[in-house]
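Step one of this worksheet: look at the structure below.
Note that ligands are numbered from 1 as they come in the structure, with each ligand's atoms numbered from 1 the same way. In this text the structure is predicted, and so the values were computed from the model without any measurement.
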Amino acid sequence: MDLVKKGQKIMMSNYQPFPVVFETGDGVYLYDIEGNQYLDFTAGIAVNALGYQDKDLQEALKNQIDKYTHCSNFYYNEPCIEAAELLTKLSGLDRVFFSNSGSEANEGAIKLARKYGFLNKGEDCNKVISLKQSFHGRTLGSLAATGQTKYHKGFMPLIPGVIHVEANHIEAIKNAIDDNVCAIMLEVIQGEGGINPLEQTYLEQVKALCEAHNIILIFDEVQTGIGRTGELFAFQKYGIQPDIMTLAKGLGAGVPIGAIVAKEFVGQVFTPGDHATTYGGNPLVTTAAKVVLEKVSKRAFLDHINTVGEYFEKQLKALVTQYDFVLEQRGLGLMQGIAVSLPVKEVVKKALANQLLLTSAGSNVVRFVPPLIIEEKHIDEMIDILKRVLKEVSDEN
Ligand code: PMP
């Protein structure tokens, strides 16, 4: 294919895309330029929350394009304030900063926590504790927070002051805390690390430690947020509210937007000149966020995610019973994974050849993050293909 060849030559080669070119999407399916249909259990890596061609989203974006798409943060714009208001109402947090991606949101959250530490405990209070196997992004600060050394190689030095500790081990965090720690940052379910949920009691203990030591608790909900786990934010599933939450991915359902959402006591420490971005919060992307938040926060929509999620989980657990190469089901709601003793990249590749879009996570996990509008019949369709694919990969290895 000419386009694939051109892409291979002209694009930097960090992504190594599969030789497929998608032309259009509809619901939970994508169509390539030859008209082949693909069932999408990747959703742009947990981005396309509303699937493809959501009429409300399309209409709202088209309307906004007809008005204007950008004006800079020197001025207020209506969609931005309305999206921020929805975020605060729905999270119980108080202040919002819009960024353009998850990495940027985390980068800004680290700055916010450092400024808080600086003001309250002095300039040495700048250390951030994050977890091993975590993923927080690829910019130098968010990459430093990412607890996987394989992503660091070749890019040192990263920002100093980040300590990685074992997940779900409260003693490890206790040992790392001193007067110079300003923040603890974590994903309540580690996504890229392999769909690893943190334990309820662990999160409760971390929260208590943060309160006792005046440390800012940051939840990176870039992947878990916006309904993915069956509540609008995963922290609501656990009943543990962070001081700062970061969002991206599903928030724009396909347009690039991220957000830092914070409690007043920390959100108010940014003052003019501290942090900024040209595009962040422009009326086009915040129009998308508004539509997404209005739709996904509806109880009926969240109930749908929980119901379908439970059904999905049951089907995945059945695979564990059925095949010895399927080791474990992990996850919550529509953020699911199976650990396999098969080469996971081959599973993903063969799934694509069978017109099913999947991604991997960690070293041996097949990850499922479909559009949130998925129905049981799509899960049945997916499981049928998956069984075939797993069997074929198993026979070949
Ligand atoms: N945090 C988490 C939990 C993520 O999963 C990701 C992306 N996979 C990021 C941050 C980075 O987001 P982005 O790619 O939008 O910068």
### Query
Nearest non-hydrogen atom to atom 9 (C) of ligand 1 belongs to which of V222, L251, I189, V369?
V222
### Short N or O distance, E104 and ligand 1, threshold 3.5 Å exclusive
no
### Output field: ring centroids F265/Y116 closer than 6.0 Å
yes
### N106: numbered ligand 1 atoms lying under 4.0 Å from its heavy atoms
1 (N), 10 (C)
### Message
Suppose I only count heavy atoms of Q223 and a 4.0 Å limit; which atoms of ligand 1 are within that range?
### Response
5 (O)
### Query
Just which atoms of ligand 1 are under 4.0 Å from any heavy atom in D220?
1 (N), 2 (C), 3 (C), 10 (C)
### Query
Quick one: does G102 get an N or O within less than 3.5 Å of an N or O on ligand 1?
yes
### Query
Can the ring centres of F98 and Y279 be said to be less than 6.0 Å apart?
no
### Query
Do Y52 and Y31 have ring centres separated by under 6.0 Å?
no
#### Entry: D94 versus T88, side-chain donor and acceptor atoms under 3.5 Å
no
### Task
Assess whether atom CG of D179 is packed by more than 12 heavy atoms of other residues, nucleotides or ligands within 6.0 Å.
no
### Query
Are Y323 and K387 close enough that some pair of their side-chain heavy atoms sits under 4.5 Å apart?
yes
### Task
Between K249 and ligand 1, find which residue part has any heavy-atom pair under 4.0 Å and reply side chain, backbone, both or neither.
side chain
### Summary
Note: ligand 1 atoms sitting under 4.0 Å from heavy atoms of S101 are 15 (O), 16 (O)
### Summary
Tested for side-chain hydrogen bond (donor to acceptor under 3.5 Å, both in side chains) against Q223, the lone hit among E192, Q190, E187 is E192
### Query
At under 4.0 Å between heavy atoms, which part of E187 makes contact with ligand 1: side chain, backbone, both or neither?
side chain
### Query
Heavy-atom distance to atom 16 (O) of ligand 1: which of G193, S103, P256 wins?
S103
